[in-house]
Amino acid sequence: MHRFRLSAVCFLVLATLALAACSSAKPEATVQAFYEAAAKGDVEKATAQVSFADVPANGMVQAKGKVQMIVGEMQSRIDANDGLDKVEVIESSIDDEGETARVQVRVVFDNGKDLTETHHMVRDDGKWKIRLR
């Protein structure tokens with residue numbers, strides 16, 4: 001019985017740590033995941049980085065289509081510049097309530113060209129997501 005209690009306690013501690021790690025993910029990681037998915041043409045993974053919380057139910061299809069178009073354009077831009085080298089965070093700030101953030105990145109392509117973009121982020125179900133505008 002003692003072994004069972006010890007196992008249960010260990011499981012609870014590990015589960016708590018895993019949940020804490022997920023909820024503390026940084027907004028910068030979401031932006032980087034978005035670009036990496038776009039570079040691969042992985043629309044599903046890229047779309048998972050975007051918040052649809054403010055989109056009304058009757059506008060969901062249009063919003064997801066907009067994201068699909070953005071991902072396609074980004075993939076084309078990355079391909080035209082010989083691929084994605086890296087995504088550098090220039091500046092990142094989180095509001096006092098910890099619910100919104102602003103992430104400015106420098107996207108560096110394999111041909112040496114770069115692009116600077118700013119993303120507005122929002123906490124959506126405890127995860128950082130790119131705010132759809």
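None of these values were measured; they are calculated from a predicted model. Note: hydrogens, waters and symmetry copies are ignored here, and every other heavy atom, side chains too, is used.
Contact record, Leu132 with Ala63: CD2-CB, 3.6 Å, taken as the closest heavy-atom pair. Across all their heavy atoms, Lys129 and Ala48 have their closest contact at NZ-O, 2.7 Å. When all heavy atoms of Val87 and Tyr35 are compared, the pair lying nearest together is CG2-CB, 3.7 Å. Between Glu28 and Ser92 the shortest heavy-atom distance is OE2-OG, 2.6 Å. Taking every heavy atom of both residues into account, Ser51 and Asp124 meet most closely at OG-OD2, 2.9 Å. Closest of all the heavy-atom pairs between Pro27 and Val103 is CB-CG2, 3.8 Å.
The side chain to side chain contact (heavy atoms under 4.5 Å, CB included) test with Val50 singles out one residue from Val67, Ile70, Val55, and that residue is Val67.
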Legend entry - Test side chain to side chain contact (heavy atoms under 4.5 Å, CB included) applied to Val108 and Lys113, step by step: CA-CA 6 Å; Val108 181; Lys113 293 182 181 180; over 6 Å; no
Inset, instruction - Run the numbers on Met121 and His119 for side chain to side chain contact (heavy atoms under 4.5 Å, CB included), then give the verdict. - result: CA-CA 6 Å; Met121 312 293 291; His119 297 278; 4.0 Å; yes
Inset, instruction - Check the pair Lys86, Glu88 against salt bridge (Lys or Arg N to Asp or Glu O under 4.0 Å), reporting the backbone distance first and the verdict last. - result: CA-CA 6 Å; Lys86 60 186 170 183; Glu88 294 177 345; 3.1 Å; yes
Inset, instruction - Evaluate the criterion side chain to side chain contact (heavy atoms under 4.5 Å, CB included) for residue pair Val105 and Phe34; output intermediate values, then yes/no. - result: CA-CA 12 Å; Val105 294; Phe34 176 81; over 6 Å; no
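To the nearest 0.5 angstrom, Arg123 atom CZ is 10.5 Å from Thr100 atom OG1. Taken to the nearest 0.5 Å, the NE2 atom of His120 stands 10.0 Å off from the CD atom of Gln104. Distance check: Met74 CE to Ser76 OG gives 10.0 Å after rounding to the nearest 0.5 Å.
The main-chain N or O of Arg106 is never found under 3.5 Å from a side-chain atom of Asp114 such that the two would form a donor-acceptor pair. The closest donor-acceptor contact from the side chain of Thr30 to the backbone of Trp128 lies under 3.5 Å. Under a 3.5 Å cut-off, the side chain of Asp42 and the backbone N or O of Lys45 do form a donor-acceptor pair.
The hydrophobic clustering, which links ILVMFWY residues whose side-chain heavy atoms are closer than 4.5 Å, places Leu115 and Ile90 apart.
Residue Arg102 places its CZ atom among more than 12 non-hydrogen atoms of other residues, nucleotides or ligands, all under 6.0 Å distant. For CG of Asp110, the number of neighbouring non-hydrogen atoms (other residues, nucleotides, ligands) closer than 6.0 Å is greater than 12.
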